[in-house]
Amino acid sequence: MAAWTQPEDFDAAAVMDALGSGDTGVGAVCLFVGRVRDIDGGGGLTIEHYAAMTEKHMARLEDQARRRWDLRDCVIIHRHGRLRPSDNIVLVAVAAEHRRAAFEAAGFLMDRLKTEAPFWKREETPDGRAHWVTARSEDVESAARWDLGGGDP
Amino acid sequence: MKLLYFAWFRERVGLAEETLDRPPGVVDVESLLGWLEARGGGHALALSDRAMVRVAVNHDYADLDTPVGADDEVALFPPVTGG
């Protein structure tokens with residue numbers, strides 16, 4: 001069980017191997033990786049974060065997921081700093097007895113991470129300029145569906 | 001109190017953080033935002049669209065009526081865009 005931030009890349013295969021390692025009660029592993037999309041040939045992006053608040057919130061989200069679903073293991077990693085197209089940004093990995101809990105908990109964690117954890121993306125355009133990414137209402141709606149009992153086990 | 005600014009809020013203010021004695025009349029988030037806006041300049045610019053400003057007190061999201069005191073860390077920033 002762990003949630004942290006780091007500037008360097010992560011090894012998703014190594015996380016997968018370690019997840020629920022030695023726990024024969026694990027029947028389902030769901031691992032999601034978010035990557036930087038190439039937007040109009042841009043140069044990439046920089047992720048700023050509020051370190052003290054970020055790790056506290058990531059740990060809280062993990063705790064909420066564990067209370068809602070019967071999870072055997074969980075890892076959340078979010079990068080910060082300068083990233084280029086195709087770089088990994090975020091990883092959410094969940095191990096559970098059954099697939100439904102694994103899928104739902106991973107979806108919950110990603111939706112809430114996007115709307116609650118204090119990270120901000122600054123995208124670079126091909127002409128060398130940069131702008132702060134605007135929050136999307138679709139993301140807020142995706143996060144809110146977990147309030148309505150959607151996806152409950 | 002310690003104030004921290006992030007993303008475009010930080011750029012508009014022109015500072016990443018500042019420490020100040022609790023100003024007279026500042027007791028909660030709403031009165032703090034009012035006091036900061038009244039300072040004018042970058043603070044007023046950053047607070048010109050309050051709907052786009054989020055506030056955290058001691059690392060937890062806060063409302064307008066959340067109390068703020070001399071020893072608190074208050075962060076101001078735009079809606080988050082991680083993930």
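A note on names: the letters A, B, ... follow the listed sequences, proteins ahead of strands, and every chain is numbered from 1. None of the values given here were measured: they were computed from a predicted structure.
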*Please report the shortest heavy-atom distance between K114(A) and V80(B), naming the atom on each side.*
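For K114(A) and V80(B), the tightest heavy-atom pair comes out as O-CG2, 3.5 Å.
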*Search all heavy atoms of A52(A) against all heavy atoms of H59(B) and return the closest pair with its distance.*
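Residues A52(A) and H59(B), closest heavy atoms: CB-NE2, 3.4 Å.
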*Residue that, paired with W120(A), satisfies side-chain contact (heavy atoms from CB on, under 4.5 Å) out of F9(B), F6(B), W8(B)*: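 The passing option is F6(B).
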Out of curiosity, does [Y] fall in the hydrophobic cluster containing [X] (side-chain heavy atoms, cut-off under 4.5 Å, transitive links)?
X       : Y       : answer
F103(A) : F108(A) : no
L20(B)  : V57(B)  : yes
V27(B)  : L36(B)  : no

*What distance separates R10(B) CZ from Y50(A) OH, expressed to the nearest 0.5 Å?*
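Taking CZ in R10(B) and OH in Y50(A), the distance rounds to 14.0 Å.
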*With rounding to the nearest 0.5 Å, note down the distance linking CD in E48(A) to OG1 in T81(B).*
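Reported to 0.5 Å precision, the distance equals 9.5 Å.
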Around atom [atom1] of [X], are there more than 12 heavy atoms of other residues, nucleotides or ligands at under 6.0 Å?
X      : atom1 : result
R50(B) : CZ    : yes
D17(A) : CG    : yes
R99(A) : CZ    : no
R35(A) : CZ    : no
D65(B) : CG    : yes

*Measuring heavy-atom distances to chain A, does R54(B) have an atom under 4.5 Å in its side chain, in its backbone, in both, or in neither?*
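Contact with chain A is absent: no heavy atom of R54(B) under 4.5 Å.
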Is it the backbone or the side chain of [X] that comes under 4.5 Å from a heavy atom of chain B, or both, or neither?
X       : result
K56(A)  : side chain
R136(A) : neither
H131(A) : neither
I47(A)  : neither

*Any side-chain heavy-atom pair of L4(B) and M53(A) under 4.5 Å*: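 No. Closest side-chain heavy atoms not under 4.5 Å.
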